[in-house]
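Below you'll find the structure, written out as structure tokens, and then a few comments.
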Amino acid sequence: MKNFSLKESRITDGFWASRQTLNAEHTIPAVYKRFKETGRFDVLKCKKQDPPTHYGSDSDVAKWLEAAAYLLSRKEDKQIRAWYDEAVEDICKNQREDGYFNSYYQTYEPNEIFTKRGDHELYCAGHLFEAAVAGKEYLNDDRLLRFSEKYVDYIYERFVEKQDTGFVTPGHEEIELALYRLYNLTKVEKYKTLANHFLNVRGHYDQCNEPYNHSILDSQNHLPIREQTEAVGHAVRAMYLYIAMADMAKLTGDEELRKATEILFDDVTQKKMYITGGIGSSHHGERFTVPYDLENYTSYAETCASIAFAFFCDRMQQLTGEAKYGHVFERLLYNGILSGVSLDGEHFFYVNPLEMQNERKSFFAGHQVPFVHSPLSKRIKMFDCACCPPNIVRFIEQLPTYIWYADEEKNELILSQYISSSLSNDFVDASITSSFPQSGKICVKVDSKGKKITLKLRIPQWCDKKFENAKDGYLVYEGVFNGEEICVDFEMKVRLAYANGNVWQNSGRTAVTYGPLVFCAESTDNDFALAKVAISDAQNAVLEKTNDEYALRLQLPAYLVKNTKALYTFESPEYEECSLQMVPYFAWANREDGDMRVWFPYRK
């Protein structure tokens, strides 16, 4: 099973076309400008700055370059092109003769190269390799590809041949999946060999020399990859590892490894995932903790973790073809990822909480209480650790590649995400018009070019409509398609969702959903304390479809606990009716500061 390139698949209209326009016109330029202001592009010249930028800055720039390559392949922009060319030239010009490049280490610690496992050297290299793949594939620009060839040779020499480095595997995974991308583009065996090496030696060495007292669990070095059954440690690192494991399983046919990725995916989705798709519940180590630990206010759910999780879903879709991976991708797409960027496209969340208690946040922020995690109640332009903004821009530009999948040997075409788009290649020509997320209506046209094929349309997890042609999570159509139109209504409804009873924080609570969207309430729209609200059903919900960035707003009949004078009482609570105003979770925190809530007590 494979997905399709940006040369073959394009978003054409609707909700996500407007997001791509926003990304091109506002978000990509805004990220560049903030990176320029904070010295992240200037460090590529390998000249000292005061103070030095973060040792991971190269990765920030590399993700922006990758996004720019995708954008320029669909829409020429002279300014973006100029910024792109200048950065690429600086990288190539300042690469050492032996192939090494890391702006921080070359400038500040040249005698410490490959001695500190936690300092992201190989992570930065991986993102540069991904930018190289994008540049070559979509712009026919091989400058970074030639750069990567030399750099891989140097890394291979140090880690495989000489084995003279201060660590054996990367502290922050990323290079492994990037090497597989290089291999898939070029078919150079060394890239695959080096990726296999980094994966196969993981878990065989105790490497604890990381900052912040990270343990071998935090960097997924606790067990060999085929023996790992629980998602542990830093959530982004874990996802990048699992992506590479899936890549390796697909390339090598390793069934033991494939099974390991499926077990790890199920552990995350059944025990450690927020309703928004967010993962990594603890701010300490940005990590997974124990099963069902899904706190709302102090949730971490880093934007990068959600994006990495979506990439993992894509790899598992390619590896297995199963519908469940498309389900989780959709959950992430409309909630945990999209919440990371503001409606104006120029402000960002690093952390995505499921609850905001603004007074509490203000107290701890004002008193600078140590060791207390208080999430931001508004997105900001940039972070000291700036990984999330460029990750968002490259993800939105890549989105067309996650809509359609095919197994051409079996003459099978899968439509996984309902995004208005077109697909054209030697296998098929196809298109979809979609009203997601405002309604569940879609229409698909396919020209199978004289071949009999099997067309599969993923039945969304939230859809309770019964279909006669449903099989294994898909609507299945077979035949020779000559452009006939297939229209389906998945019948989006306002529905209440409930958490597993083992989730302490949300046992006995409910959340409001509509199709793929999770809704939340903000104090800005409600003149009562959100802490007092209880919900009983969604039958009388009033949904308003809007033409603004919110797309949808919701009014829901609910109940308000009447105040008592005492802090505690022996009298059972009394309720009065109220109308709860709600917006999609992705759109919260775009107005004034205030409280926010996703989960509410359920009242029968």
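Note: Y602 and Y498 have perpendicular aromatic rings, judged against thresholds of 30 and 60 degrees for the angle between ring planes. Ring geometry for F519 against Y514 counts as perpendicular: the plane angle is over 60°, on a 0 to 90° scale with 30° as the lower cut. The aromatic rings of H373 and H283 lie parallel to each other, with less than 30° between the two planes, well short of the 60° mark. In this structure, Y575 and Y559 have perpendicular ring planes: the angle between them is above 60°, well past the 30° mark.
The line from SG of C388 to CZ of F348 is 10.0 Å long, rounded to the nearest 0.5 Å. Between S421 atom OG and I419 atom CD1 the span is 7.0 Å, to the nearest 0.5 Å. In this structure, OH on Y405 lies 13.5 Å from CD on E412, to the nearest 0.5 angstrom. In this structure, the separation between CG on D525 and CH2 on W588 is 13.0 Å, given to the nearest 0.5 Å. Atom CG of N526 and atom SG of C578 lie 7.5 Å apart (nearest 0.5 Å).
A donor-acceptor contact closer than 3.5 angstrom links the side chains of S579 and Q581. In this model, a donor atom of one side chain and an acceptor atom of the other lie less than 3.5 Å apart for K361 and S377. A donor-acceptor contact closer than 3.5 angstrom is absent between the side chains of E8 and W404. Looking only at atom types and distance, the side chain of Q417 has no donor-acceptor partner in the side chain of Y402 under 3.5 Å away. Side-chain polar atoms of K2 and Q318 form no donor-acceptor pair below 3.5 angstrom. Judged by distance alone, the side chains of Y274 and E295 never bring a donor and an acceptor atom under 3.5 Å apart. Side-chain contact annotation: H26 with N23, donor-acceptor N/O pair under 3.5 Å absent. In summary, the side chains of Q398 and T401 do not present any donor paired with an acceptor at a separation below 3.5 Å, with no hydrogens or angles considered. No side-chain N or O of T433 forms a donor-acceptor pair with one of D13 less than 3.5 Å apart. For the 3.5 Å distance criterion, the side chains of S281 and S299 fail to qualify, holding no donor opposite an acceptor. Side-chain contact check for S342 and N590: no donor-acceptor pair (N or O, by modelled atom type) lies under 3.5 Å.
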Test ring pair (Phe, Tyr, Trp, His ring centres under 6.0 Å) applied to Y325 and F265, step by step
CA-CA 9 Å; Y325 302 110; F265 183 91; 4.5 Å; yes
Checking L332 against C313 for the side chain to side chain contact (heavy atoms under 4.5 Å, CB included) test, could you report, in this order, the C-alpha distance in whole Å, the side-chain angles of both residues, the deciding distance, and whether it holds?
CA-CA 10 Å; L332 288 156; C313 291; 4.2 Å; yes
Decide salt bridge (charged side-chain N to carboxylate O under 4.0 Å, His left out) for E478 and K452; before the verdict, give the C-alpha distance in whole Å, the side-chain angles of both, and the deciding distance to 0.1 Å.
CA-CA 7 Å; E478 294 184 326; K452 181 180 179 180; 5.1 Å; no
Could you walk me through whether K271 and D293 pass salt bridge (charged side-chain N to carboxylate O under 4.0 Å, His left out), step by step?
CA-CA 8 Å; K271 298 177 182 178; D293 178 25; over 6 Å; no
Could you go through Y242 and M316, starting from their C-alpha distance and side-chain angles, then the distance that decides it, and tell me whether this counts as side chain to side chain contact (heavy atoms under 4.5 Å, CB included)?
CA-CA 10 Å; Y242 305 158; M316 295 305 294; over 6 Å; no
Begin from the C-alpha positions of K493 and D464 and carry the test salt bridge (charged side-chain N to carboxylate O under 4.0 Å, His left out) through to its verdict.
CA-CA 9 Å; K493 302 174 184 176; D464 60 359; 3.4 Å; yes
Test R591 against E522 for salt bridge (charged side-chain N to carboxylate O under 4.0 Å, His left out), laying out the working first.
CA-CA 10 Å; R591 296 167 289 177; E522 292 185 272; 2.9 Å; yes
Step-by-step side chain to side chain donor-acceptor pair (under 3.5 Å) determination, Q505 to W599
CA-CA 9 Å; Q505 297 84 353; W599 289 97; over 6 Å; no
The test is ring pair (Phe, Tyr, Trp, His ring centres under 6.0 Å); show your working for W16 and Y418 and say whether it passes.
CA-CA 10 Å; W16 285 105; Y418 296 107; over 10 Å; no
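Between the side chain of N506 and the main chain of A499, no donor-acceptor pair closer than 3.5 Å is present. For the pair T513 (side chain) and R495 (backbone), a donor-acceptor distance under 3.5 Å is present. The backbone N or O of I275 sits less than 3.5 Å from a side-chain atom of R331, completing a donor-acceptor pair. Under a 3.5 Å cut-off, the side chain of S434 and the backbone N or O of S420 do not form any donor-acceptor pair. In this structure a side-chain-to-backbone donor-acceptor pair under 3.5 Å is present from Q20 to I396. A distance-only check finds a donor-acceptor pair linking the side chain of S339 to the backbone of N335 [under 3.5 Å].
Between Y334 and F586, the distance from one ring center to the other does not fall under 6.0 angstrom.
The 12-atom threshold is exceeded at NZ of K75, counting heavy atoms of other residues, nucleotides or ligands nearer than 6.0 Å. Within 6.0 Å of NZ in K471 there are 12 or fewer heavy atoms belonging to other residues, nucleotides or ligands. In Q539, the CD atom is not crowded: 12 or fewer heavy atoms of neighbouring residues, nucleotides or ligands sit closer than 6.0 Å. Shown here is D426, whose CG atom has no more than 12 heavy atoms of other residues, nucleotides or ligands within 6.0 Å. Shown here is E409, whose CD atom has no more than 12 heavy atoms of other residues, nucleotides or ligands within 6.0 Å. Enclosure of atom NZ in K410 is not indicated, since only 12 or fewer non-hydrogen atoms of other residues, nucleotides or ligands lie within 6.0 angstrom. Annotation: K381, atom NZ; neighbour count of heavy atoms from other residues, nucleotides and ligands within 6.0 Å does not exceed 12.
Not counting sequence neighbours, W64 has no partner by the side chain to side chain donor-acceptor pair (under 3.5 Å) test. Residues passing the salt bridge (Lys or Arg N to Asp or Glu O under 4.0 Å) test with E592: none are found, sequence neighbours excluded. Under the rule for a side chain to side chain donor-acceptor pair (under 3.5 Å), the partners of N391 that lie at least two apart in sequence or sit in another chain are R394.
Between K259 and E262 there is no salt bridge, since no side-chain N of the basic residue sits under 4.0 Å from a carboxylate O of the acidic one. Under 4.0 Å is where a charged nitrogen must lie from a carboxylate oxygen, and between R181 and E66 at least one such pair does.
The only member of L413, N411, V476 that meets side-chain contact (heavy atoms from CB on, under 4.5 Å) when paired with L455 is L413. Tested against N296 for a side-chain contact (heavy atoms from CB on, under 4.5 Å), the candidates R597, R509, Q357 yield a single pass: R509.
The cationic atom of R553 (NZ for Lys, CZ for Arg) lies less than 6.0 Å from the six-membered ring centre of Y550 and within 45° of the ring axis. A cation-pi arrangement, defined by a distance under 6.0 Å to the six-membered ring centre and an angle within 45 degrees of its axis, is absent between R74 and Y70.
The SG atoms of C487 and C443 lie less than 2.5 Å from each other.
Looking at E230 and K272, their side chains come closer than 4.5 Å, going by heavy atoms from C-beta outward.
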